[in-house]
Amino acid sequence: MSTDRYVSPLSERYASREMQFIFSPDMKFRTWRKLWIALAETEQELGLKDAEGNPRITDEQIAELKAHQEDINYDVAKAREKEVRHDVMSHVYAYGKQCPGAAGIIHLGATSCYVGDNTDVIIMTEALKLVKKKLVNVIHVLSEFAVKYKDLPTLAFTHFQPAQPTTVGKRATLWMQELVMDLEDLDYVLSNMKLLGSKGTTGTQASFLELFDGDEDACRKADVRIAEKMGFQACFPVSGQTYSRKLDTRVCNILAGIAASAHKFSNDIRLLQHLKEVEEPFEKSQIGSSAMAYKRNPMRSERIASLARYVMVDALNPAITSATQWFERTLDDSANKRLSIAEGFLAIDGILDLYMNVADGLVVYDKVITKRLMSELPFMATENIMMDAVKAGGNRQELHEKIRELSMEAGRNVKVEGKENNLLELIAADEAFPMTLEELQQAMEPSKYVGRAPSQVSEFIEEVIQPILAENRDLLGMTAEITC
């Protein structure tokens, strides 16, 4: 690691090696060479001729290009770029030095965006596939957690105030449902990824029309064949010099959506950890605070929130870039794209690793959960108690007022006096309610107040999650190790 210059924490601390490789120079420039080979093969297959009517591209030339597809001579390209200040032409030159017999047909008829933009689409596609893999695994881990705790009653909150009980597992389905929505969006964008193809300097394919002596059919087929060779179903039907930067906006909006879902999860875990009900994993030798040795800070959930905010804001970059492109192209997108796209993916990669790690190691303190629930349950049960009293002949309006007054008194005892909740004792002592204290206490069974929460978990897992996991079974089996 370099210690005398800035190094991005995204690569040093957060993103996986797999995602880092996708945005590495090796991935980029090897893809450039694959695209040059695909272009040469396509031009040969479509019968490109020289001035004498002979085949312009030979099998030997293509073989030479393939022989040096992987071994990039970076030193030659770097030295050349210092002279010409053009990255694509520097790599054309370097490739030609390794392939002297094919030097004259590398990049034939193409503009820089042929390799630049097509490679960007290929890289984003591969990165989306990795994001999908991790997203599916997070959903899988949460599904197991939800099933395990689908019957464990817990106090629910609205406005972070005690509300009608739910179950720990039901709460996890809320986290999953947002990730399922993100997965649906991701699948849609991934299924619609298209290459730029070979469109030329302003998207008219004029240079290719010249190469093929006015044969428009050959120009049309060139896009189709290049797409197939690079593993895509299609190219954009029309373009300027670049593919529409709207695609970058689409892609980064997917990342921002996942980030928002992860942030919501991390907030819930941080609040639950404050309540001592659920905790994120805490290593045996982990230090929570440099000053307070007893602390167990939710640092992984906090890191999720921190990185998620970065990704959500980062999504503005491609949106603004897309909105400000002039006519067939401007170059004010280039530097921004190098940063915003790569770092958005590196950050979401780190977020999903953290999410997977936290979800897989959640610690549930059921006794604390039950204790808090039981301290509030008498308030939650007042509706049922009132209805039982009405059935016994009481007046609904009068009983409602009685319950309200007794609840206020019990609330004052808890908040002002610091006493235990004595609402059941107050109700039992009031002659308007024909129940003994023992009967009231027997009615305080938490499972009676969670509604359909357990069934909702089972139904959601069976009807929504299991089909997703079955469809993506080849992606399952990942684990995430957090190194810092």
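Residue indices begin at 1 and follow the sequence shown.
Checked for salt-bridge contact, Glu459 and Arg452 meet the test: a charged N lies under 4.0 Å from a carboxylate O. Under the 4.0 Å criterion applied to side-chain N and carboxylate O atoms, Glu178 and Lys264 are not assigned as salt-bridge partners. Taking the charged nitrogens against the carboxylate oxygens, Lys337 and Asp248 do have a contact shorter than 4.0 Å, which makes a salt bridge. With salt bridges taken as basic N to acidic carboxylate O contacts below 4.0 Å, none links Arg225 and Glu228. Ion pair Arg220/Asp217 flagged as a salt bridge, since at least one NZ, NE, NH1 or NH2 atom sits closer than 4.0 Å to an Asp/Glu carboxylate oxygen. Salt-bridge annotation for Lys199 and Asp223: present, with a side-chain N of the basic residue lying under 4.0 Å from a carboxylate O of the acidic one. At a threshold of 4.0 Å, the pair Lys134-Glu18 does not count as salt-bridged, since none of the basic side-chain nitrogens sits closer than that to a carboxylate oxygen.
Between Trp175 and Ile269, the closest side-chain pair of non-hydrogen atoms falls below 4.5 Å. The closest side-chain heavy-atom distance from Ile122 to Met230 is below 4.5 Å. Counting only heavy atoms from C-beta outward, the side chains of Phe23 and Asp349 never approach each other to under 4.5 Å. Between Val121 and Asn118, the closest side-chain pair of non-hydrogen atoms is not below 4.5 Å. Side-chain contact between Phe327 and Thr202: absent, with no pair of heavy atoms (C-beta onward) separated by less than 4.5 Å. Annotation: side chain of Leu65 is in contact with side chain of Ile106 (closest heavy-atom distance under 4.5 Å). Side-chain contact between Leu377 and Pro165 is present, with heavy atoms from C-beta onward closer than 4.5 Å. Glu302 places none of its side-chain heavy atoms less than 4.5 Å from the side chain of Ser266.
Side-chain contact, His68 with Asp71: a donor N or O sits under 3.5 Å from an acceptor N or O. No side-chain donor from either of Trp32 and His91 sits under 3.5 Å from a side-chain acceptor of the other. A donor atom on one side chain and an acceptor atom on the other are not found under 3.5 Å apart for Gln164 and Tyr449. At a cut-off of 3.5 Å, with distance as the only test, a side-chain donor of Ser261 or Asp182 sits close to an acceptor on the other residue. Inspection of the Thr330 and Gln325 side chains reveals an N or O donor paired with an N or O acceptor under 3.5 Å.
A pairwise comparison of heavy atoms in Cys235 and Leu196 identifies CB-O, 3.9 Å as the closest pair. The two atoms that bring Ala315 and Ala256 nearest to each other are CB-CB, 3.8 Å, heavy atoms only. Looking at every heavy atom in both residues, Ala156 comes nearest to Arg171 through CA-NH2, 3.7 Å. Taking all atoms of both residues into account, the shortest heavy-atom contact from Ile461 to Ser143 is CD1-CB, 3.8 Å. Looking at every heavy atom in both residues, Gly169 comes nearest to Val457 through C-CG2, 3.7 Å. Between Leu108 and Leu39, the shortest heavy-atom distance links the atoms O-CD2, 3.6 Å.
No donor-acceptor distance shorter than 3.5 angstrom exists from the side chain of Asp353 to the backbone of Ala15, with no hydrogens or angles considered. Panel note: side chain Thr242, backbone Arg329; no donor-acceptor pair is recorded below 3.5 Å. Using a distance-only test at 3.5 Å, with no hydrogens or angles considered, no donor-acceptor pair links the side chain of Ser239 to the main chain of Gln241. In this structure a side-chain-to-backbone donor-acceptor pair under 3.5 Å is missing from Ser322 to Ala319. Asn137 contributes a side-chain N or O that, together with a main-chain N or O of Lys133, makes up a donor-acceptor pair within less than 3.5 Å. Side chain of Asn192 to main chain of Tyr188: a donor-acceptor pair is present (N/O by atom type, distance under 3.5 Å, no hydrogens or angles).
The salt bridge (charged side-chain N to carboxylate O under 4.0 Å, His left out) search around Arg338 returns Asp87, not counting sequence neighbours. Checked against ring-ring contact (aromatic ring centres under 6.0 Å, His included), Tyr6 has no partners two or more places apart in sequence or in another chain. In this structure, Tyr14 has no ring-ring contact (aromatic ring centres under 6.0 Å, His included) partners at least two apart in sequence or on a different chain.
Distance check: Ile62 CD1 to Gln44 CD gives 4.0 Å after rounding to the nearest 0.5 Å. Taking CG from Leu155 and CD from Gln161, the interatomic distance works out to 10.5 Å, rounded to the nearest 0.5 Å. Going from atom OG1 of Thr370 over to atom CG of Leu373 covers 6.5 Å, rounded to the nearest 0.5 Å. To the nearest 0.5 Å, the span separating NE2 on His107 from CG on Leu35 amounts to 11.0 Å. Taken from OG1 in Thr119 to OH in Tyr114, the straight-line distance is 8.5 Å, to the nearest 0.5 Å. Between the NZ atom of Lys148 and the CD atom of Glu144 there is a distance of 10.0 Å, given to the nearest 0.5 Å.
Remark: Lys66 NZ is loosely packed, at most 12 non-hydrogen atoms of other residues, nucleotides or ligands lying under 6.0 Å away. Met374 CE: more than 12 foreign heavy atoms inside a 6.0 Å radius.
With Tyr365 as the partner, the side-chain hydrogen bond (donor to acceptor under 3.5 Å, both in side chains) test is satisfied by one option alone out of Glu279, Lys276, Glu277: Glu279. Tested against Arg33, the residues Gln98, Glu70, Gln69 include a single side-chain hydrogen bond (donor to acceptor under 3.5 Å, both in side chains) partner, Gln98.
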field: Candidate pair Lys170 and Phe460, rule side chain to side chain contact (heavy atoms under 4.5 Å, CB included), full reasoning
entry: CA-CA 9 Å; Lys170 171 62 191 299; Phe460 181 71; over 6 Å; no
- request: Report the C-alpha separation of Arg303 and Leu307 in whole Å, then their side-chain angles, then the decisive distance to 0.1 Å, and conclude whether the side chain to side chain contact (heavy atoms under 4.5 Å, CB included) test is met.
  value: CA-CA 6 Å; Arg303 188 178 295 171; Leu307 289 171; 4.1 Å; yes
- request: Starting from the C-alpha separation in whole Å, work towards a yes-or-no answer on salt bridge (charged side-chain N to carboxylate O under 4.0 Å, His left out) for Glu445 and Lys448.
  value: CA-CA 6 Å; Glu445 169 52 50; Lys448 294 180 179 180; over 6 Å; no
task: Please test Glu280 against Ser301 for side-chain hydrogen bond (donor to acceptor under 3.5 Å, both in side chains), starting from the C-alpha separation and ending with a verdict.
output: CA-CA 8 Å; Glu280 68 173 39; Ser301 297; 2.8 Å; yes
- request: Any chance you could lay out the side chain to side chain contact (heavy atoms under 4.5 Å, CB included) test for Ser207 and Thr201, step after step, and finish with the verdict?
  value: CA-CA 8 Å; Ser207 57; Thr201 56; over 6 Å; no
- prompt: For Val131 and Met19, what are the C-alpha separation, side-chain angles and deciding distance, and is it a side chain to side chain contact (heavy atoms under 4.5 Å, CB included)?
  reply: CA-CA 9 Å; Val131 169; Met19 185 62 82; 3.9 Å; yes
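Cation-pi geometry between Arg245 and Tyr243 is met: under 6.0 angstrom from the ring centre, within 45 degrees of the axis.
Below 30°, between 30° and 60°, or above 60°: for Phe145 and Tyr149 the angle between ring planes is between 30° and 60°, a tilted geometry. Relative orientation of the Tyr355 and Phe265 rings is parallel, given thresholds of 30° and 60° on the angle between their planes.
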